[in-house]
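Okay, structure first, notes after.
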Amino acid sequence: MIRWLLGRAAVLLPTAVAVTIVAFMLLHLVPGDPVEIAAGERVLDPAEHARLLRELGLDRPLWEQYLDFMGRLAVGDFGASVRTKERVAAEFMVRFPATIELGLFALGFAVLVGVPAGMIAALRRGRTTDHAIMTAALTGYSMPVFWWGLLLILFFSVSLGWTPVSGRIGVAYYVEPVTGFLLIDSWLSGEPGAFASTLSHLILPAIALGTISLAVIARMTRSSMLEVLNEDYVRTARAKGLPFRRVVTVHALRNALIPVVTVIGLQLGHLLSGAILTETIFSWPGIGKWLVEAIQRRDYPQIQGGIVIIAALMMAVNLLVDLCYGLLNPQIRHGRR
């Protein structure tokens with residue numbers, strides 16, 4: 001098992017190097033001078049402009065800047081923001097709990113709705129229920145996040161007034177950060193209404209972010225269930241007279257969930273790294289919104305550090321999914337599949 005896991009981890013090393021090259025090189029192709037953007041409306045004379053470029057190390061050749069970037073990454077240093085002068089890792093960790101909170105709620109919504117929907121579609125194969133669920137899943141997968149998010153805001157927030165439009169908590173509340181997870185901190189604060197306000201702010205962003213994952217999980221669950229329901233051991237269990245519910249939940253679902261678990265793990269990585277549009281639309285103060293603001297300011301250390309950290313998290317999630325898959329299916333560990 002350890003040897004198999006080390007082999008999986010070794011494959012990630014070239015990927016990590018490729019991510020650093022893309023994060024560094026492509027960023028310098030984007031038009032815009034970080035020094036002039038940081039200066040705002042203030043006019044810089046050429047001497048001061050050259051001095052600031054030299055302080056940031058942007059006057060050196062790209063290959064030297066890249067080697068310096070890799071050298072700092074080797075010791076866990078992601079640099080400091082051009083605008084705030086704060087360490088990138090520290091700024092990332094301040095905002096990361098908000099993205100985790102949103103991602104976990106979006107994944108919970110996707111799993112709680114997607115798995116039962118996929119099961120029902122498989123059990124009603126070829127019927128109206130199956131076609132309706134799969135059509136809804138395809139529609140949810142095809143909708144752009146920014147368009148779906150705006151529709152949710154217009155309907156539930158503007159028209160019905162059921163949910164807030166943006167943010168993590170109402171402006172009337174102040175919660176002392178303890179864990180960084182506002183839902184937990186608002187609960188611990190004991191302030192009346194704070195927890196309910198936090199929960200209401202989570203609903204629409206979680207639905208907008210989790211809809212695509214819901215569609216993927218529903219379709220994978222249906223496909224996996226259909227494959228398992230045709231296996232000999234399922235037919236044998238039904239021939240023995242076992243209750244249909246027990247056959248489905250114990251014999252079929254347990255084995256059908258093996259590929260579904262893999263998809264769920266991959267979707268978790270996708271949700272944690274792909275929340276940029278959702279966080280921007282709902283003004284959610286997480287990593288996605290932070291990166292968008294960094295791109296607008298051409299804050300190279302923030303963008304590079306944020307991309308590398310997110311990529312590292314994605315690779316860690318993929319490795320964890322491989323580990324879980326290997327534990328669930330021993331044939332994977334022994335190279336039979």
Side-chain angles (χ1 to χ4, degrees), residues 102-157 159-160 162-163 199-200 202-271 274 277-278 321 324-325 328-329:
L102 176 59
L104 290 179
F105 264 78
L107 184 64
F109 163 71
V111 172
L112 291 177
V113 179
V115 172
M119 288 179 57
I120 295 172
L123 296 175
R124 300 284 183 177
R125 180 182 183 181
R127 301 181 185 179
T128 304
T129 305
D130 179 24
H131 294 312
I133 292 176
M134 287 300 98
T135 300
L138 180 60
T139 303
Y141 185 81
S142 304
M143 286 190 301
V145 174
F146 64 88
W147 182 75
W148 178 228
L150 291 176
L151 283 183
L152 291 174
I153 291 174
L154 289 174
F155 184 71
F156 290 102
S157 299
S159 298
L160 299 178
W162 289 357
T163 57
L199 188 60
S200 65
L202 260 173
I203 294 175
L204 290 190
I207 293 176
L209 182 60
T211 298
I212 293 179
S213 297
L214 187 157
V216 173
I217 292 172
R219 293 175 67 87
M220 176 57 70
T221 303
R222 177 185 182 274
S223 176
S224 185
M225 280 290 294
L226 288 175
E227 182 179 348
V228 170
L229 287 172
N230 292 322
E231 295 290 339
D232 292 338
Y233 63 86
V234 175
R235 290 197 294 266
T236 301
R238 295 187 65 179
K240 288 182 177 180
L242 291 178
F244 180 71
R245 179 178 298 178
R246 179 175 176 82
V247 173
V248 171
T249 57
V250 176
H251 295 275
L253 182 60
R254 178 182 296 179
N255 292 282
L257 282 180
I258 292 177
V260 176
V261 168
T262 304
V263 171
I264 291 174
L266 296 176
Q267 289 302 310
L268 175 60
H270 167 74
L271 292 176
L277 288 175
T278 304
V321 169
C324 294
Y325 201 12
L328 290 172
N329 191 347

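- To the nearest 0.5 Å, atoms CE (Met220) and CG (Leu257) are separated by 12.0 Å.
- For the pair Phe105 and Leu199, the minimum side-chain heavy-atom distance is below 4.5 Å.
- Nearest heavy-atom pair, Leu214 versus Ala110, reported as atom, atom and distance to 0.1 Å: N-CB, 3.5 Å.
- Not counting sequence neighbours, the partners of Phe155 by the side-chain contact (heavy atoms from CB on, under 4.5 Å) test are Leu160.
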Using distance only, find each side-chain donor-acceptor pair of residues 113-130 under 3.5 Å and give its atom names and separation, not counting sequence neighbours.
{"residue": "Asp130", "atom": "OD1", "partner": "Arg222", "partner atom": "NE", "Å": "2.8"}
{"residue": "Asp130", "atom": "OD2", "partner": "Gly126", "partner atom": "N", "Å": "2.9"}
{"residue": "Asp130", "atom": "OD2", "partner": "Arg222", "partner atom": "NH2", "Å": "2.9"}

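- Note that CE of Met143 and CD1 of Ile212 are 8.0 Å apart. Values are rounded to the nearest 0.5 Å.
- Shown here are the side-chain contact (heavy atoms from CB on, under 4.5 Å) partners of Ile264, two or more places apart in sequence or in another chain: Leu107, Val111, Ile217, Val260.
- Leu152 CG to Thr278 OG1: the interatomic distance, rounded to the nearest 0.5 Å, is 10.0 Å.
- Judged as a side chain to side chain donor-acceptor pair (under 3.5 Å), the pairs with a partner in residues 206-218 (not counting sequence neighbours) are, in order, Trp148-Thr211, Ser213-Gln267.
- Counting only distance, with no hydrogens or angles, the side chain of Ser223 and the backbone of Arg219 share no donor-acceptor pair below 3.5 Å.
- Ser224 is linked by a side chain to side chain donor-acceptor pair (under 3.5 Å) to nothing, counting only residues two or more places apart in sequence or in another chain.
- A search for side chain to side chain donor-acceptor pair (under 3.5 Å) contacts involving Ser157 returns Thr163, not counting sequence neighbours.
- With values rounded to the nearest 0.5 angstrom, Leu151 atom CG is found 10.5 Å from Phe156 atom CZ.
- For residues 131-154, no residue pair satisfies the salt bridge (Lys or Arg N to Asp or Glu O under 4.0 Å) rule, not counting sequence neighbours.
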